[in-house]
Amino acid sequence: MHLAYPAVLAALLFCTGLYGVLARRNAILVLMSVELMLNAVNLNLVAFDVWLRDTLHAGQALTLFTIAIAAAEIGIGLAIVLMVYRNRGTSDVDRLRDTAEGHEPGRSTDPHTDPSTARPEVAA
């Protein structure tokens with residue numbers, strides 16, 4: 001088996017996943033793109049394991065470890081995305097930058113600089 005075929009396919013998968021991570025705004029699509037990149041790595045691990053004829057099959061063992069890590073990552077990531085969607089009403093990655101509680105655009109959270117939160121001074 002030629003090593004070039006799976007290596008080119010893995011490179012295309014990885015580039016597609018990288019484009020998805022960099023260009024997409026939806027958090028679920030970003031998670032799917034990360035999964036594409038992990039699958040490209042798995043394809044390379046198995047291809048090099050077969051090509052090197054490793055008797056320990058270390059590439060396949062690492063692939064199983066990567067699949068387990070990817071399953072945990074997608075489970076936790078999807079739970080976080082669903083929680084953020086319930087609280088914010090959107091899963092847009094650009095809108096998630098301001099995740100501080102009580103932050104409103106155009107309003108300061110510092111009580112010393114925001115006149116609406118400052119306590120009035122009592123004259124004695």
Side-chain angles (χ1 to χ4, degrees):
M1 176 175 96
H2 293 287
L3 187 61
Y5 299 129
V8 168
L9 179 62
L12 288 174
L13 275 175
F14 192 85
C15 289
T16 304
L18 186 64
Y19 172 75
V21 166
L22 295 177
R24 298 294 177 189
R25 300 293 178 240
N26 191 347
I28 295 177
L29 292 177
V30 170
L31 286 174
M32 288 174 57
S33 298
V34 170
E35 290 296 320
L36 266 178
M37 293 180 355
L38 287 173
N39 285 330
V41 171
N42 288 340
L43 182 61
N44 266 335
L45 285 171
V46 171
F48 276 99
D49 183 50
V50 169
W51 186 64
L52 293 173
R53 295 186 179 104
D54 187 15
T55 56
L56 295 176
H57 298 292
Q60 292 178 17
L62 284 174
T63 298
L64 289 175
F65 182 70
T66 306
I67 289 171
I69 294 296
E73 173 257 336
I74 199 68
I76 292 172
L78 191 58
I80 291 171
V81 168
L82 286 175
M83 183 185 65
V84 167
Y85 182 77
R86 283 183 189 165
N87 289 337
R88 299 264 178 171
T90 183
S91 62
D92 189 8
V93 176
D94 288 338
R95 292 188 181 182
L96 298 179
R97 291 184 186 176
D98 300 325
T99 57
E101 287 187 35
H103 179 74
E104 296 176 16
R107 184 173 175 190
S108 174
T109 57
D110 188 14
H112 300 291
T113 59
D114 190 9
S116 65
T117 59
R119 287 183 277 158
E121 295 182 20
V122 177

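The shown structure was predicted, so the numbers you read here are calculated from the model rather than taken from an experiment. All values below were derived from every heavy atom in this structure, side-chain atoms included, with hydrogens, water molecules and symmetry-related copies excluded.
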Any side-chain heavy atom of [X] sitting closer than 4.5 Å to one from [Y]?
| X | Y | result |
| --- | --- | --- |
| Leu9 | Tyr5 | no |
| Val93 | Arg24 | no |
| Leu43 | Asn39 | no |
| Asn87 | Met83 | yes |

State, to 0.1 Å, how close [X] and [Y] come at their nearest heavy-atom pair, and which atoms those are.
| X | Y | result |
| --- | --- | --- |
| Gly20 | Val30 | O-CG2, 4.3 Å |
| Gly17 | Leu36 | CA-CB, 4.1 Å |
| Leu3 | Ala47 | CD1-O, 3.9 Å |
| Ser91 | Tyr85 | N-CD1, 3.9 Å |
| Val81 | Ala27 | CG2-CB, 3.7 Å |
| Asn44 | Pro6 | OD1-O, 4.4 Å |

Gap between atom [atom2] of [Y] and atom [atom1] of [X] - 0.5 Å precision:
| X | Y | atom1 | atom2 | result |
| --- | --- | --- | --- | --- |
| Glu35 | Ile67 | CD | CD1 | 10.0 Å |
| Met37 | Leu13 | CE | CG | 11.5 Å |
| Leu78 | Glu73 | CG | CD | 10.0 Å |
| Thr63 | Asp49 | OG1 | CG | 7.5 Å |

- Transitive ILVMFWY side-chain link Leu22 to Met32, under 4.5 Å: no
- Query: Cluster question for you: counting only ILVMFWY and a side-chain heavy-atom cut-off of under 4.5 Å, with indirect links fine, are Val34 and Ile74 together?
  - Reply: no
- Item | side-chain hydrogen bond (donor to acceptor under 3.5 Å, both in side chains) against Asn42, all qualifying residues, sequence neighbours excluded | none
